[in-house]
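This structure is a prediction, so every number in the text was calculated from the model and none was measured.
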Amino acid sequence: HVFYRRNEGKDDSLLNTNEILETINMIDNEDLDVRTITMGISLLDCIDPDVHKASQKVYDKICRYAQHLVKTGEDISRQYGIPIINKRISVTPIAMIAGACPTASPIHFAKALDRAARTVGVNFIGGYSALVHKGFGPGDYALIESIPQALDETELVCSSVNVGTTKTGINMDAVEKMGRIVKETAQRTADRECIGAAKLVVFCNAPEDNPFMAGAFHGPGEPDCVINVGVSGPGVVRAAIKKHGEGKSLTEIAELIKRTAFKITRMGQLVAQEASRRLCVPFGIVDLSLAPTPAIGDSVAYILEGMGLEQCGAHGTTAALALLNDAVKKGGVMASSSVGGLSGAFIPVTEDAGMIEAARSGCLTLTKLEAMTAVCSVGLDMICVPGDTPAEIISGIIADEAAIGMVNSKTTAVRVIPAVGRKAGEELDFGGLLGKGPIMEVNPASPAEFIHRGGKIPAPMQSLKN
């Protein structure tokens, strides 16, 4: 474990001995890790009216830029003793590239991305995406319609669609379309636990530098290539509260979380800068997001319960989550001037052991989760719903989340998985980091007439900041 450097013959430690030992303990016993090193790659110079030439350019550029990404991550992990769980790639939203090939299917690009990801050895590649918050441009319709096929016929490709922003309002035509696309994607992958829908995110206010899947894409305002790092450590925060939080006020708990987040972010900054140096690629951002895993103890729900809630979902959960999210952000920005992405607390139900337990018991409901999304970093994430849920209800869920994001000037997202052929109370099991969880009840009242009106929900007053 190397966490210090020497300067002018004097030990100029980044961390003192106790802090080094504390960090080692976080890694060994509290599930602290670098969740992902994500290389963002611009594909704007791959545009070509011939889809076959464009697809080959996409494949060639990704393989050229990312050929050493996986090995570099493994080398840094070995040298510093820091677990680096995933190495991933995000690319320019493919709808921008596909627009130059109006008569060809975007599936060519999906398969090129999948092939490139396999060649360089990453576990996911994000950017089969469209940004339609203000309307549909060339390539957007075709790409969105191709998403079910793309996620069925590829294994490593992730997809996202941004349907709204605080500045532009919400594109309700896109919201209506995405309810159907989510359902079709689940149906096409029903023989694989509907896994396709777990790789599809619908955003409002999507960040251009998010390193986490399935929503990562390389925004058009980003440089040609960049390294972004996502750090995670719910187990570390939970352990800190358990060890030092007894009898403390919420003010003191917030300060404790902030200090813990500071230490986690410093580790992420170290890894990001080292990866940037070795790959000769600019360092972008560190995303400090408490992203849970199904491992016992590595849970955001357990942090909230450690503050004094009987179970996640009880009254007071939203307030506790607001405290956690704010303290994480403040600790992160103290540790690095390059904090970005989502940075806060994630609440993906099937990926969080505590939330799985709370959903099974009925304490955590879809309605409560929606309230929680007003104060967390993302939105309704990895939620299984009955397979017979109509597309209009899924669109209604997306519209509600987009409205929360638009009005509150924050990122919100929906990643729901319609469990084809199954009902509330049964379970889906995706395996790995995606976990498993119960199928949750959905309000059956129909929003169909509202959804089918289409049009746009105008931007709120707070968008007028100039």
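- By the 4.0 Å N-to-carboxylate-O rule, D381 lies close enough to R415 to be salt-bridged with it.
- The aromatic rings of F136 and Y141 sit parallel to each other, their planes meeting at less than 30°, with 60° as the upper class boundary.
- Considering CG of L200 and CD of E184, their distance stands at 11.5 Å, rounded to 0.5 Å.
- Across all non-hydrogen atoms, the minimal contact from K330 to V333 is O-CG2, 3.3 Å.
- Side-chain contact between V339 and I285 is absent, with no heavy-atom pair separated by less than 4.5 Å.
- Tested against D152 for a salt bridge (Lys or Arg N to Asp or Glu O under 4.0 Å), the candidates R188, K199, K111 yield a single pass: R188.
- Salt-bridge annotation for E74 and K71: absent, with no side-chain N of the basic residue lying under 4.0 Å from a carboxylate O of the acidic one.
- Side chains of V416 and V182 form a contact here, defined as non-hydrogen atoms less than 4.5 Å apart.
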Residue pair I417, I383: steps toward the side-chain contact (heavy atoms from CB on, under 4.5 Å) verdict: CA-CA 6 Å; I417 302 95; I383 295 172; 6.0 Å; no
After noting the C-alpha distance and the side-chain angles of D209 and N228, does the key distance pass the side-chain hydrogen bond (donor to acceptor under 3.5 Å, both in side chains) rule? CA-CA 7 Å; D209 55 5; N228 298 318; 6.0 Å; no
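- There is a side-chain donor-acceptor pair under 3.5 Å between D60 and Q56.
- The 12-atom threshold is not exceeded at NZ of K436, counting heavy atoms of other residues, nucleotides or ligands nearer than 6.0 Å.
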side-chain contact (heavy atoms from CB on, under 4.5 Å) between L151 and S159, worked out: CA-CA 8 Å; L151 297 183; S159 181; 4.1 Å; yes
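- The shortest non-hydrogen separation linking F262 to M334 is CE1-O, 3.6 Å.
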Could you please spell out the steps behind the side-chain contact (heavy atoms from CB on, under 4.5 Å) verdict for V231 and V286? CA-CA 7 Å; V231 191; V286 175; 3.8 Å; yes
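- Counting only distance, with no hydrogens or angles, the side chain of S77 and the backbone of I82 share a donor-acceptor pair below 3.5 Å.
- Remark: side-chain polar atoms of K87 are not paired, donor with acceptor, to backbone N or O of T72 under 3.5 angstrom.
- A cation-pi contact, defined as under 6.0 Å to the ring centre and within 45° of the axis, links K61 to Y65.
- The closest side-chain donor-acceptor pair between N205 and T166 falls under 3.5 angstrom.
- Using a 4.5 Å cut-off on side-chain heavy atoms (C-beta onward), L69 and I227 make contact.
- Side-chain N or O atoms of N210 include none that pairs as donor or acceptor with a backbone N or O of L342 at under 3.5 Å.
- Within the 4.5 Å cutoff, no side-chain heavy atoms of V70 are placed close to those of V120.
- Rounding to the nearest 0.5 angstrom, the gap separating the CZ atom in F217 from the CD atom in E222 is 9.0 Å.
- In this structure, CG on L321 lies 5.5 Å from CG on L304, to the nearest 0.5 angstrom.
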Please step through side-chain contact (heavy atoms from CB on, under 4.5 Å) for the pair V229 and T38, ending with a clear verdict. CA-CA 6 Å; V229 167; T38 302; over 6 Å; no
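- In this structure, OG on S55 lies 10.5 Å from CD1 on I97, to the nearest 0.5 angstrom.
- Under 4.0 Å is where a charged nitrogen must lie from a carboxylate oxygen, and between E193 and R422 at least one such pair does.
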Can you check side-chain hydrogen bond (donor to acceptor under 3.5 Å, both in side chains) on Y128 and T154, steps first, answer last? CA-CA 11 Å; Y128 199 74; T154 64; over 6 Å; no
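- With N408 contributing its side chain and K410 its backbone, the two residues share no donor-acceptor pair below 3.5 Å.
- Side-chain N or O atoms of T350 include one that pairs as donor or acceptor with a backbone N or O of L434 at under 3.5 Å.
- Residues F109 and C101 share a closest heavy-atom pair of CZ-SG, 4.2 Å.
- In this structure, the side chains of F346 and D352 stay at 4.5 Å or more apart for every pair of heavy atoms.
- Once rounded to the nearest 0.5 Å, the distance linking CD1 of I94 with NE2 of H108 reads 13.0 Å.
- Counting only distance, with no hydrogens or angles, the side chain of S276 and the backbone of V281 share a donor-acceptor pair below 3.5 Å.
- Inter-residue side-chain proximity for I347 and V378 is flagged as unmet; no heavy-atom pair is nearer than 4.5 Å.
- Without hydrogens or angle criteria, E153 side chain to A150 main chain gives no donor-acceptor distance under 3.5 Å.
- At least one cation-pi condition fails for R88 and F124: the charged atom is not both under 6.0 angstrom from the six-membered ring centre and inside a 45 degree cone around its axis.
- For the pair R118 and D114, the salt-bridge criterion is met [side-chain N within less than 4.0 Å of a carboxylate O].
- Side-chain atoms of N162 come within 3.5 Å of backbone N or O of G164 as a donor-acceptor pair.
- For A402 against C204, the heavy-atom pair with the smallest separation is O-SG, 3.4 Å.
- For the residue pair T373 / E401, a side-chain donor-acceptor distance below 3.5 Å is found, with atom types taken as modelled.
- No donor-acceptor distance shorter than 3.5 angstrom exists from the side chain of R238 to the backbone of I303, with no hydrogens or angles considered.
- Here the CE-CG distance, from M178 to N171, works out to 11.5 Å after rounding to the nearest 0.5 Å.
- Counting only distance, with no hydrogens or angles, the side chain of S395 and the backbone of E176 share a donor-acceptor pair below 3.5 Å.
- For the residue pair C312 and L364, the shortest heavy atom distance occurs at O-CB, 3.9 Å.
- Side-chain contact check for R192 versus E155: every heavy-atom pair is 4.5 Å or farther apart.
- Minimum heavy-atom separation, V163 to A174: CG1-CB, 3.9 Å.
- In this structure the side chain of I84 never reaches within 4.5 angstrom of the side chain of R35, judged on heavy atoms.
- Atom NZ of K134 is surrounded by 12 or fewer heavy atoms from other residues, nucleotides or ligands within 6.0 Å.
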